[in-house]
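A short write-up of the structure that comes next.
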Number of protein chains: 4
Amino acid sequence: MEFESSQSIFSQIAESLSEKILKQQYEVGEKIPSVRELAAEVGVNPVTIMRTFNELQSKGIIENKRGIGYFVTEKAIDLIRNEKKAVFFEKVLPDFIHQSELLGISKEELKSHLNL
Amino acid sequence: MEFESSQSIFSQIAESLSEKILKQQYEVGEKIPSVRELAAEVGVNPVTIMRTFNELQSKGIIENKRGIGYFVTEKAIDLIRNEKKAVFFEKVLPDFIHQSELLGISKEELKSHLNL
Amino acid sequence: MEFESSQSIFSQIAESLSEKILKQQYEVGEKIPSVRELAAEVGVNPVTIMRTFNELQSKGIIENKRGIGYFVTEKAIDLIRNEKKAVFFEKVLPDFIHQSELLGISKEELKSHLNL
Amino acid sequence: MEFESSQSIFSQIAESLSEKILKQQYEVGEKIPSVRELAAEVGVNPVTIMRTFNELQSKGIIENKRGIGYFVTEKAIDLIRNEKKAVFFEKVLPDFIHQSELLGISKEELKSHLNL
DNA sequence: GTGGTCTAGACCACC
DNA sequence: GTGGTCTAGACCACA
């Protein structure tokens with residue numbers, strides 16, 4: 001797995017897992033890969049994965065079953081979708097509008113880029 | 001001035017100055033406020049402002065006249081516009097599309113939000 | 001049976017069994033359920049139950065009769081009561097006092113909560 | 001500083017800081033010691049302190065000012081008091097009652113221990 | 001000076 | 001096998 005330097009590795013992994021859960025590549029109640037597995041798979045230190053899991057757990061997206069592993073919670077999809085929506089409407093969309101106005105991009109140009 | 005914790009202060013100030021230049025609130029050839037003035041105005045350490053000015057100077061957006069101050073260069077607007085365009089088409093726009101698809105936002109909804 | 005994630009499962013089960021013995025729901029000399037039965041009943045791995053039994057046996061609360069099962073010892077109730085008292089006076093009570101002082105809970109309020 | 005082995009060091013430090021804030025030994029808006037200072041003072045690795053600060057920050061008890069340090073937030077005391085109250089009334093108090101009933105501790109004995 | 005991240009390696013409790 | 005914690009040491013960006 002490749003990482004952007006602008007963001008911490010552990011939160012990029014968290015983002016990646018969140019998207020997979022949202023796309024139901026990991027289903028509700030399903031066990032996600034173990035710390036060591038994921039660490040080996042993406043080529044980072046296990047504690048980096050732990051930080052990822054801690055973050056997701058504190059958000060309520062995954063939960064731990066002692067000695068077994070981490071599982072996708074029932075409310076995971078709602079949580080992820082809600083957070084993403086908030087970010088989208090409060091940050092991504094306004095920023096998009098702001099930038100396109102600042103650059104004077106015409107509505108026709110926007111439409112073509114967005115296939116609208 | 002308030003800052004987001006997610007980005008460095010000096011780049012937030014640089015962004016703010018760039019936008020003002022782009023909107024011609026500072027015109028070409030005009031002197032921008034001194035380090036100390038700006039520092040007092042936005043409430044940060046003068047060295048942070050220095051770093052901002054160095055950044056803008058290295059990009060060719062402002063230039064220093066020894067003992068007098070910093071001035072907006074002739075090519076400033078082009079430079080800013082080009083950089084903003086690059087960021088917009090390589091990052092803001094793709095991210096916008098990706099997020100809106102991930103959230104399943106319909107084309108109609110997008111159109112209404114964007115006044116298209 | 002549901003478990004708190006903050007404590008190990010085997011000690012939660014041990015605690016539950018101890019309380020039942022103390023309340024004489026299991027009487028002295030009585031056979032307690034087998035490893036497999038209990039495992040099925042509370043929904044955990046049999047080895048976890050084994051560990052619980054080992055723990056209780058090492059304290060002298062239950063004893064094994066080879067091939068037959070585990071039985072409540074004669075001194076079980078004393079052992080449990082003594083350990084609980086120690087914990088109560090060395091940990092639960094001091095903590096209770098500390099927290100109630102820290103939160104500034106009045107003596108009247110305490111009395112009413114405790115029916116004193 | 002000495003630690004109990006039953007709880008993680010970083011959360012014991014968090015608890016200690018919370019109590020100090022609650023007792024206003026650190027006041028609202030005040031800077032708390034830096035990561036390295038605290039690490040040296042209590043004799044642990046700086047990353048352990050970082051985990052402590054992350055936890056407190058995620059709860060909204062402290063906030064970071066870039067390059068300067070961590071500061072006690074305005075709502076810190078409310079947050080701490082509310083959380084402590086919740087724990088007290090939902091866990092400490094019920095557990096206290098449960099244990100004292102289980103051990104058959106008389107009301108008179110309780111009163112004397114609690115100075116009621 | 002401040003915090004933030006990552007690695008490597010060790011050790012532990014638990015299932 | 002699972003997660004959880006801690007240390008030591010390095011490196012980085014930021015103010």
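Residues forming a side-chain hydrogen bond (donor to acceptor under 3.5 Å, both in side chains) with A:Gln57 (at least two apart in sequence, or on another chain): none. Listed by chain and number, the residues in a salt bridge (Lys or Arg N to Asp or Glu O under 4.0 Å) with D:Glu41 amount to none (sequence neighbours excluded). Listed by chain and residue number, nothing satisfies the side-chain hydrogen bond (donor to acceptor under 3.5 Å, both in side chains) test with A:Ser5 (two or more places apart in sequence, or in another chain). Shown here are the side-chain hydrogen bond (donor to acceptor under 3.5 Å, both in side chains) partners of C:Ser11, two or more places apart in sequence or in another chain: C:Ser8. Applying the side-chain hydrogen bond (donor to acceptor under 3.5 Å, both in side chains) criterion to B:Lys59, with sequence neighbours excluded, gives B:Glu83.
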Side chains of residues 20-29 of chain D: which donor-acceptor partners sit under 3.5 Å, not counting sequence neighbours?
none

Scan the side chains in residues 31-39 of chain B for donor-acceptor partners under 3.5 Å anywhere in the protein, sequence neighbours excluded, and list what turns up.
from    : atom 1 : to      : atom 2 : distance (Å)
B:Ser34 : OG     : B:Glu37 : N      : 3.1
B:Glu37 : OE1    : B:Ser34 : N      : 3.2

Treat a base pair as Watson-Crick or G-U wobble with both distances under 3.5 Å, then lay out DNA chain E in dot-bracket form, 5' to 3', with | for cross-strand pairs. ||||||||||||||.
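Nucleotides of DNA chain E lying under 4.0 Å from heavy atoms of chain A occupy a range whose first and last members, 5' to 3', are E:dT5 to E:dC15.
A heavy-atom distance below 4.5 Å is found between the side chains of A:Asn45 and A:Thr48. Using a 4.5 Å heavy-atom threshold, the side chains of B:Glu19 and A:His98 count as touching. In this structure, D:Leu17 and D:Phe53 have side chains that are in contact, with non-hydrogen atoms separated by less than 4.5 Å. For the pair D:Arg51 and D:Val47, the minimum side-chain heavy-atom distance is 4.5 Å or more.
Across the interface with DNA chain E, nearest-nucleotide mapping of A:Gln7 and A:Gly67 shows A:Gln7 to be the residue nearer the 5′ end.
Using a distance-only test at 3.5 Å, with no hydrogens or angles considered, no donor-acceptor pair links the side chain of C:Glu55 to the main chain of C:Ala14. Not a single donor-acceptor pair under 3.5 Å links the side chain of A:Arg66 to the backbone N or O of C:Phe3.
The pair B:Lys84-B:Glu15 meets the salt-bridge criterion, with a side-chain N (NZ, NE, NH1 or NH2) lying under 4.0 Å from an Asp/Glu carboxylate O.
Enclosure of atom CD in B:Glu63 by more than 12 non-hydrogen atoms of other residues, nucleotides or ligands within 6.0 angstrom is indicated.
Near DNA chain F, meaning a heavy atom under 4.0 Å away, the residues from residues 42-63 of chain A are A:Val47, A:Met50. Of the residues in residues 29-40 of chain D, those lying under 4.0 Å from DNA chain E by heavy-atom distance are D:Ser34, D:Val35, D:Arg36. DNA chain E lies under 4.0 Å from no heavy atom of any residue of residues 13-21 of chain A.
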